[in-house]
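We count residues from 1, following the sequence as given. These numbers come from the heavy atoms of this one structure, side chains and all, not from hydrogens, waters or symmetry mates.
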Amino acid sequence: MLFTLLSVLCICLLASTAGAICGIGGGVIIKPALDAMQIMTVQQVSFLSGCTVLCMSLYSVLCSVCRGKQAFETATILPLGAGAALGGLAGKLLFQRISRGSRAAALAQAACLLFLLLGTLVYTLLEKRIRTRRIKSRFAGALIGLFLGFFSSFLGIGGGPFNLVVLSYFFSMDTKTAARHSLCIILISQAASLLYSFSSGSAPSVSALMLLVMVAGGVGGGVLGRQINRRLSGAAVHRLFVALTFVIIGICVYNMLRA
């Protein structure tokens, strides 16, 4: 039990550190990694991963807000956040419908995540050739937020690398700016998802000690990630993002073959 807790703590700490640096939330690593360990059910892993990502993103967003008024583009983040909240609820409802069969839910999550990651990787590698847009419509922003919030909640991963791709393409954000806004979207969508789980009584039974360990790793990773992010250039953050995408794709393939 002690070894399992230490292993989970290390995964959450390292994943959340990388997530805070790149703006991908950490859950995109935590969720498939814990699925691969097979120490909990799919429902428990999704719930605990969501709680961990929520705490990490809350810390990071609050720190960004305290740093100054220019941390977020208000006209962009408000419609994205509204859409993310609705998407978070929709994603949670769909996951509950398919999660009665743990193997089916695990396979669906792994396949969906793999598809999104492959698209993310292709965009990232061809990014310099792609002309980005600058969406100003609040309705369009809300729809994009709905999409991001849905997959964030359904996959139980927070936001994942595809948040950065969407923010980069549709809003012409650089890597660091996209990372800040991604964490804000993750916070809103995960908060909506978890509030629904508690209010509807659908939250799975989990170990309080495991929850504490994962949240501690998530917040600790958020602290470390923010410190490291300040010292890295945008190019370095971009390279780390690409490397992590390859690693997560490998884990997803493993989970799909095992399921």
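Cluster annotation: Leu143 and Leu80 are assigned to distinct hydrophobic clusters (Ile/Leu/Val/Met/Phe/Trp/Tyr, side-chain heavy-atom contacts under 4.5 Å, transitive). Val165 and Phe151 fall within the same hydrophobic cluster, defined by Ile, Leu, Val, Met, Phe, Trp and Tyr side-chain heavy atoms under 4.5 Å apart, directly or through other members. Val215 and Leu62 fall within the same hydrophobic cluster, defined by Ile, Leu, Val, Met, Phe, Trp and Tyr side-chain heavy atoms under 4.5 Å apart, directly or through other members. Residue Tyr196 is not grouped with residue Val206 when hydrophobic side chains (ILVMFWY) are merged at heavy-atom distances under 4.5 angstrom, including chains of intermediate members. Placement of Leu14 and Leu224 in two distinct hydrophobic clusters is found when ILVMFWY residues are connected by side-chain heavy-atom separations under 4.5 Å, directly or transitively.
One distance of note links OG of Ser49 with CD1 of Ile11; it measures 11.0 Å at 0.5 Å rounding. Going from atom CG of Leu86 over to atom OG of Ser189 covers 11.5 Å, rounded to the nearest 0.5 Å. For the atom pair Leu167 CG and Asp174 CG, the distance stands at 11.0 Å (nearest 0.5 Å). Taking CG of Leu148 as the start and CD1 of Ile186 as the end, the distance is 9.5 Å to the nearest 0.5 Å. With rounding to the nearest 0.5 angstrom, the OG atom of Ser168 is 15.0 Å from the CZ atom of Phe162. Between the CD1 atom of Ile130 and the OG1 atom of Thr124 there is a distance of 8.5 Å, given to the nearest 0.5 Å.
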Would you check, one step at a time, whether the test side-chain contact (heavy atoms from CB on, under 4.5 Å) holds for Met256 with Leu113? CA-CA 10 Å; Met256 288 182 65; Leu113 180 56; over 6 Å; no

Apply side-chain contact (heavy atoms from CB on, under 4.5 Å) to the pair Thr120 and Phe241, showing each step before the final yes or no. CA-CA 10 Å; Thr120 296; Phe241 170 69; 3.7 Å; yes

Between Ile39 and Val8, does the side-chain contact (heavy atoms from CB on, under 4.5 Å) criterion hold? Intermediate values first, please. CA-CA 10 Å; Ile39 57 175; Val8 171; 3.7 Å; yes

Set out, in order, the CA-CA distance, both residues' side-chain angles and the distance that settles side-chain contact (heavy atoms from CB on, under 4.5 Å) for Val213 and Cys12, then state yes or no. CA-CA 9 Å; Val213 166; Cys12 292; over 6 Å; no

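Using a 4.5 Å heavy-atom cutoff, the side chains of Met210 and Met40 are in contact. Side-chain contact between Cys51 and Met214: absent, with no pair of heavy atoms (C-beta onward) separated by less than 4.5 Å.
With sequence neighbours left out, the ring-ring contact (aromatic ring centres under 6.0 Å, His included) criterion links Phe198 to Phe47. A search for salt bridge (charged side-chain N to carboxylate O under 4.0 Å, His left out) contacts involving Arg231 returns nothing, not counting sequence neighbours.
Classified by interplanar angle (parallel below 30°, tilted 30° to 60°, perpendicular above 60°), the ring pair Phe150/Phe154 is parallel.
The two atoms that bring Ile30 and Ala15 nearest to each other are CG1-CB, 3.6 Å, heavy atoms only. When all heavy atoms of Ala192 and Ala85 are compared, the pair lying nearest together is CB-O, 3.5 Å. Closest heavy-atom contact between Cys55 and Val219: CB-CG2, 3.9 Å. The two residues Ile248 and Pro32 come nearest to each other via the heavy atoms CG2-CG, 4.4 Å. Shown here for Ala191 and Leu54, the closest heavy-atom pair between the two residues is N-CD1, 3.8 Å. Scanning all heavy atoms of the two residues, the minimum distance from Ile249 to Leu117 falls at CG1-CB, 3.7 Å.
The backbone N or O of Leu13 sits nowhere less than 3.5 Å from a side-chain atom of Ser16 that would complete a donor-acceptor pair. One N or O on the side chain of Ser172 and one on the backbone of Arg133 form a donor-acceptor pair closer than 3.5 Å.
Chaining together hydrophobic side chains whose heavy atoms lie under 4.5 Å apart places Ile251 alongside Val247.
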